[in-house]
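Note that ligands are numbered from 1 as they come in the structure, with each ligand's atoms numbered from 1 the same way. Because only heavy atoms are used, hydrogens play no part in the values below, and waters and symmetry mates are left out as well, while side chains stay in.
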Amino acid sequence: MTNRRDFLKVCTVPPLLTAIPRLATAKAEEALRLTATKTTKRLVPGAEYLESPVWAFNRTVPGPELRLKKGDTLSIDFINELDEGSSIHWHGIRNINAMDGVAGLTQPEVAPNGQFRYQFSLNDAGTYWYHSHAKTWSQVARGLYGPLIVEDESDPAVDHDIVLMIDDWLLANDATIDEASFGSLHDWTHGGRLGNWLTVNGKSRPTFEVSKNSRVRLRLINAANARIFGLNIPASAFLVTQDGYPVPVQETQDVILGPAQRADFIIDLADNDVSINETYNGDQPYPAAILKVVDTPSKLVAKRPLSQPALEAPPKSIDVAIPLHMQGGAMGNLREANYRGELRPIRELAQDHKKAWAFNGRIAEHHDHLAAVSLGQSVSIEVWNDSRWPHAMHLHGHHFWIQKEDGSFVDGKRDTYLFQRGEKANLVFIADNPGFWLFHCHMLEHHAAGMGAVIRVS
Ligand code: C2O
Ligand code: CU
């Protein structure tokens, strides 16, 4: 990490992780409550540090783990106890548009003391998450997120199913949230808000007790505003899904996760502890969480070989191509862009409007549509990342295939794809979900500074 020294400075022995309260075990049809409120949370252990003031769902960071079954209906009463508007987006869920939770696009923001009922059925199994979708660059950074797990009968049997929600916080020396840097133009035009304190499920280096020789499903979620994580699992580990969607089962110990991306592993443990290491930032692996092996008398599941999933093939032809030239940011080649009907120089955009990124020479707002496509059409967003920064591009309401520049397709579908600087790739999807769908960078400062657009499907 750029701030690895600070990172390590405050590291002590990890506290034992207490399980995240699970909310969604009640009858699926019964409405559950998620209340956004201000609270404090001990992010940094040690009496010399304060509890950090966070914004949280049900006073926990992450918010409660919602765990349901494929086909269930999720009913949530969202209550906003913040003093600004908010909303909840269900990231990766192919939702009905009115329940997608994008403030200002699919619903008005939920006002302070207001409430809103989210109700929709869960048609895809996998690892998803929920987060605020109003002023996300601030609200998500302050802790308004949680895991949403959809189980399926065909999931491989495991002894332990563990969610690791990874975040980096930008903290001041006393462990309060660094307030002064919110909205920093530097962050918005560079790599976004990068933190100096890593947490997994809101704790520093948590430990999870697992049985000796057990089979574990590990669900990794990158909840950071802008940080890319590389996770290394030194064990017999098999990658089974990415962004909730099955991928060819592959034995590997490493995965890179851009903001908002997820990866699920099945791990067959032996009798030694396993440290889950962060390897993308900094020059030495950083132990982010520990699977601590304990002797338990319980009977373990049979470790059947994992079967390969049947993957949906991408469409043979494309009905609508949407060229998308992404430019901007520091050291970029964007000189001017159209914003609110006028061509404006980049300096004015940055200083007066805090905009720094453009799609096709334009900085769009929710009412400007990048494209309008008809229901059922096959669509290809032909992205060219003509900037000096990576971007984690996320499409709402659909999952897409990724077609690389040489024409080949990546196996499986995703909801977020991490573009490297200069990369060109097509994001191909079937527009089978009517509504107004946001397509944006999940480096949340980039989105705030212009990297977003709406695709209308009707
Ligand atoms: Cu994770 Cu627009 O969302
Ligand atoms: Cu970006």
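When distances to atom 1 (Cu) of ligand 1 are checked against a cut-off of 2.8 Å, H396 contributes no N, O or S atom below that limit. Checking H442 against atom 1 (Cu) of ligand 1, an N/O/S atom falls under the 2.8 Å cut-off. Note on H446: counted as a metal contact of the Cu ion (ligand 2), an N/O/S atom lying under 2.8 Å. The distance from the Cu ion (ligand 2) to the nearest N/O/S atom of H391 is under 2.8 Å. Distances from atom 1 (Cu) of ligand 1 show that H91 has an N/O/S atom below 2.8 Å.
Take the N/O/S atoms of H131: the one nearest atom 1 (Cu) of ligand 1 is NE2.
Side-chain atoms of E405 do not come within 3.5 Å of backbone N or O of K424 as any donor-acceptor pair. Between the side chain of H446 and the backbone N or O of H190 there is at least one donor-acceptor pair closer than 3.5 Å.
Remark: E153 CD is loosely packed, at most 12 non-hydrogen atoms of other residues, nucleotides or ligands lying under 6.0 Å away.
A ring-centre distance under 6.0 Å is found for H440 and H396. The ring of H391 has its center no closer than 6.0 angstrom to the ring center of H447. For Y417 and F400, the ring centers are positioned 6.0 Å apart or more.
For the pair NE2 of H133 and NE2 of H440, the angle at atom 2 (Cu) of ligand 1 is about 120°; rounding is to 10 degrees.
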